[in-house]
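Worksheet: the structure to be examined is printed underneath.
Reckoned from all heavy atoms, side chains included, excluding hydrogens, waters and symmetry mates. Chain A is the first sequence line, chain B the second, and so forth, proteins listed ahead of strands; every chain is numbered from 1.
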Number of protein chains: 2
Amino acid sequence: MEHYIDKLKHSGLKLTPRRQAIIALFIERKSHLTPEKVWEYLKKKFSRCGLPGVYRNLESLVECGILTRIQQFDSKKHYSLCSIGYGHDHHHFICRKCNKVEEVDFCNFKVISRFIEDNLHAKVEAHQFQIQGLCSKCK
Amino acid sequence: MEHYIDKLKHSGLKLTPRRQAIIALFIERKSHLTPEKVWEYLKKKFSRCGLPGVYRNLESLVECGILTRIQQFDSKKHYSLCSIGYGHDHHHFICRKCNKVEEVDFCNFKVISRFIEDNLHAKVEAHQFQIQGLCSKCK
DNA sequence: TACTAAATAGAAAATATTTCTATTTAAGAG
DNA sequence: CTCTTAAATAGAAATATTTTCTATTTAGTA
Ligand SMILES: [Mn+2]
Ligand SMILES: [Mn+2]
Ligand SMILES: [Zn+2]
Ligand SMILES: [Zn+2]
């Protein structure tokens with residue numbers, strides 16, 4: 001948790017009770033969550049709590065590298081904790097059964113990047129990679 | 001175009017004027033499009049044309065491998081033409097300036113897959129990979 | 001040409017996200 | 001600790017997106 005609080009402060013964002021609760025929720029769940037799911041949880045902890053604030057906070061936490069967006073083609077936004085952060089190139093493995101998100105501290109992007117620059121004559125700037133399967137417990 | 005029509009028929013889907021127009025639109029634009037954008041175009045060609053039908057058709061075309069979903073974290077669905085198709089593992093390069101989508105007929109997934117199975121003891125089943133940058137014209 | 005399953009429109013409902021404004025609060029200065 | 005201020009907040013409302021439903025039409029086939 002300390003690690004995330006440092007990230008928050010380092011980005012000039014305030015450490016509010018909502019943000020602490022959101023981070024704690026992601027730490028506890030170990031899975032990807034939609035704004036709606038986060039709101040369901042926050043409503044229990046805070047008597048007054050608006051959904052727009054949840055959307056704003058999730059995006060702020062992405063900005064400062066605490067959360068990452070997860071792609072699930074269901075027309076909802078999904079977020080997950082990212083302890084490694086933007087700086088270090090890595091990816092996320094998602095269990096299709098329990099939705100657990102694990103960080104994969106590995107990236108062999110250079111090979112495909114080289115292929116694209118050679119074959120398409122394009123300039124590669126960014127990439128997203130996401131892997132699904134079954135985690136060690138669910139398989 | 002023939003190639004796509006074959007795919008449609010092969011999947012037991014009917015070749016309707018809407019579907020032909022949608023495929024033609026993607027061929028012409030060479031970019032990723034949202035249901036809304038596709039609808040804007042279809043409304044010009046067909047006096048009566050509903051948005052629900054556009055959603056249904058886009059999903060049908062994904063099912064049969066003519067389109068692929070593109071990830072753009074803007075809470076809209078994005079689709080793009082896929083001439084290579086599911087069977088052959090490949091990826092998509094998207095120009096951030098002109099939105100052109102190019103197919104990358106290359107995938108070195110095995111290396112990272114092996115890493116994940118060894119390190120997370122997980123079973124890898126699927127992956128999505130997407131690359132952004134500038135195409136040869138835009139760079 | 002006639003038949004049938006699939007595709008369609010359009011209305012409506014459901015869902016998801018953003019915008020706006022007044023109020024509250026965290027964090028730093030004194 | 002108290003004051004100040006910019007940032008965060010709720011809540012209402014607007015907007016945007018997606019899905020569901022039903023009656024009608026149509027593509028493909030015989
Ligand atoms: Mn991460
Ligand atoms: Mn493709
Ligand atoms: Zn699992
Ligand atoms: Zn381009």
Side-chain angles (χ1 to χ4, degrees), chain A residues 1-2 4-25 32-64 66-67 69-79, chain B residues 1-2 4-25 32-64 66-67 69-79:
Chain A
M1 175 61 100
E2 274 312 309
Y4 298 113
I5 292 176
D6 287 348
K7 272 193 177 180
L8 250 191
K9 297 201 167 178
H10 195 264
S11 304
L13 293 175
K14 288 183 182 174
L15 174 60
T16 66
R18 301 298 146 96
R19 286 175 180 164
Q20 272 190 275
I22 291 173
I23 295 169
L25 172 65
H32 55 95
L33 298 169
T34 59
E36 182 78 21
K37 288 285 173 195
V38 173
W39 189 45
E40 279 174 22
Y41 170 81
L42 288 186
K43 276 190 295 187
K44 291 178 202 154
K45 299 204 64 165
F46 301 93
S47 53
R48 325 174 89 228
C49 182
L51 189 52
V54 175
Y55 275 91
R56 260 189 319 260
N57 271 324
L58 292 173
E59 277 305 305
S60 299
L61 294 174
V62 169
E63 300 293 290
C64 73
I66 291 177
L67 297 182
R69 298 191 200 85
I70 293 291
Q71 187 71 28
Q72 298 288 109
F73 293 104
D74 66 351
S75 72
K76 285 178 195 170
K77 289 189 168 175
H78 290 252
Y79 296 87
Chain B
M1 174 60 101
E2 275 310 310
Y4 298 113
I5 292 176
D6 287 347
K7 273 194 179 181
L8 251 191
K9 297 200 168 178
H10 195 265
S11 305
L13 293 175
K14 288 182 182 174
L15 174 61
T16 67
R18 301 296 147 95
R19 287 176 179 165
Q20 271 191 274
I22 291 173
I23 295 169
L25 172 64
H32 55 97
L33 298 168
T34 59
E36 182 78 22
K37 288 285 174 196
V38 172
W39 189 44
E40 278 175 21
Y41 170 82
L42 288 186
K43 277 191 294 188
K44 291 179 201 153
K45 299 203 67 166
F46 302 92
S47 53
R48 325 175 89 228
C49 182
L51 190 52
V54 175
Y55 274 92
R56 259 190 319 260
N57 272 323
L58 291 173
E59 277 305 307
S60 300
L61 294 173
V62 168
E63 300 293 291
C64 74
I66 291 176
L67 297 181
R69 297 192 200 85
I70 293 292
Q71 39 184 118
Q72 296 288 110
F73 294 102
D74 65 352
S75 73
K76 285 178 193 168
K77 291 188 168 174
H78 290 251
Y79 297 87

When the distance from [atom1] of [X] to [atom2] of [N] is rounded to whole Å, what number comes out?
X       : N      : atom1 : atom2 : result
B:Glu63 : C:dA6  : CD    : P     : 15 Å
A:Leu42 : D:dG11 : CG    : P     : 13 Å
A:Ile5  : C:dA26 : CD1   : P     : 14 Å
B:Arg69 : D:dT18 : CZ    : C1'   : 14 Å
A:Phe46 : D:dA8  : CZ    : P     : 15 Å
B:Phe73 : D:dT17 : CZ    : C1'   : 18 Å
B:His78 : D:dT18 : NE2   : P     : 9 Å
A:Lys9  : D:dA7  : NZ    : C1'   : 15 Å

*Compare all side-chain heavy atoms of B:Ile66 with those of B:Ile22 and state whether any distance is below 4.5 angstrom.*
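The answer is no; the side chains never approach within 4.5 Å.
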_Side chain to side chain, B:His32 and B:Gln72, heavy atoms closer than 4.5 Å_ =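 In short, these two side chains touch, coming nearer than 4.5 Å.
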Which nucleotide in the list [options] gets nearest to the side chain of [X]?
X       : options                : answer
A:Ser75 : D:dT17, D:dA27, D:dT18 : D:dT18
B:Arg19 : C:dA7, C:dT8, D:dT17   : C:dA7
A:Lys14 : D:dA8, C:dT18, D:dT19  : D:dA8

*Near A:Lys7 NZ, under 6.0 Å, is it more than 12 heavy atoms from other residues, nucleotides or ligands?*
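Yes, because the 6.0 Å sphere around NZ of A:Lys7 holds more than 12 heavy atoms from other groups.
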*If you look at every strand shown and take non-hydrogen atoms under 4.0 Å, does A:Leu13 touch a base, only sugar-phosphate, or nothing?*
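Counting heavy atoms under 4.0 Å across all strands, the contact made by A:Leu13 is with sugar-phosphate only.
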*When all nucleic acid strands are considered with a 4.0 Å heavy-atom cut-off, which category describes A:Leu51: base, sugar-phosphate, or nothing?*
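Base contact - A:Leu51 has a heavy atom under 4.0 Å of at least one base atom.
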_Ignoring hydrogens and geometry beyond distance, is the side chain of A:Lys77 in donor-acceptor contact with the base of C:dA16 at under 3.5 Å?_
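Counting by modelled atom types and ignoring angles, no donor-acceptor contact under 3.5 Å is found here.
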_Do A:Gln20 and A:Tyr4 pair up side chain to side chain, a donor and an acceptor below 3.5 Å, judged on atom types alone?_
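Absent: no donor and acceptor within the cut-off.
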*Check whether the side chains of B:Glu59 and B:Tyr79 place a donor and an acceptor atom closer than 3.5 Å, and report yes or no.*
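Short answer, yes.
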_Reading DNA chain D from 5' onward, which residue's closest nucleotide shows up sooner: B:Tyr55 or B:Leu15?_
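The residue whose closest nucleotide sits nearer the 5' end is B:Tyr55.
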*Comparing B:Arg56 and B:Asp74 on DNA chain D - which has the more 5′ nearest nucleotide*: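 With B:Arg56 and B:Asp74 compared, the 5'-side residue is B:Asp74.
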_Nearest-nucleotide 5' precedence on DNA chain C, B:Pro52 against A:Pro17_ =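 Nearer the 5' end of the strand: B:Pro52.
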*B:Arg48 side chain N/O closer than 4.0 Å to the phosphate oxygens (OP1, OP2) of C:dG10?*
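Yes, such a contact exists.
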*Contact under 4.0 Å: B:Thr16 side-chain N or O vs C:dT8 OP1/OP2*: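 Affirmative; the distance criterion is met.
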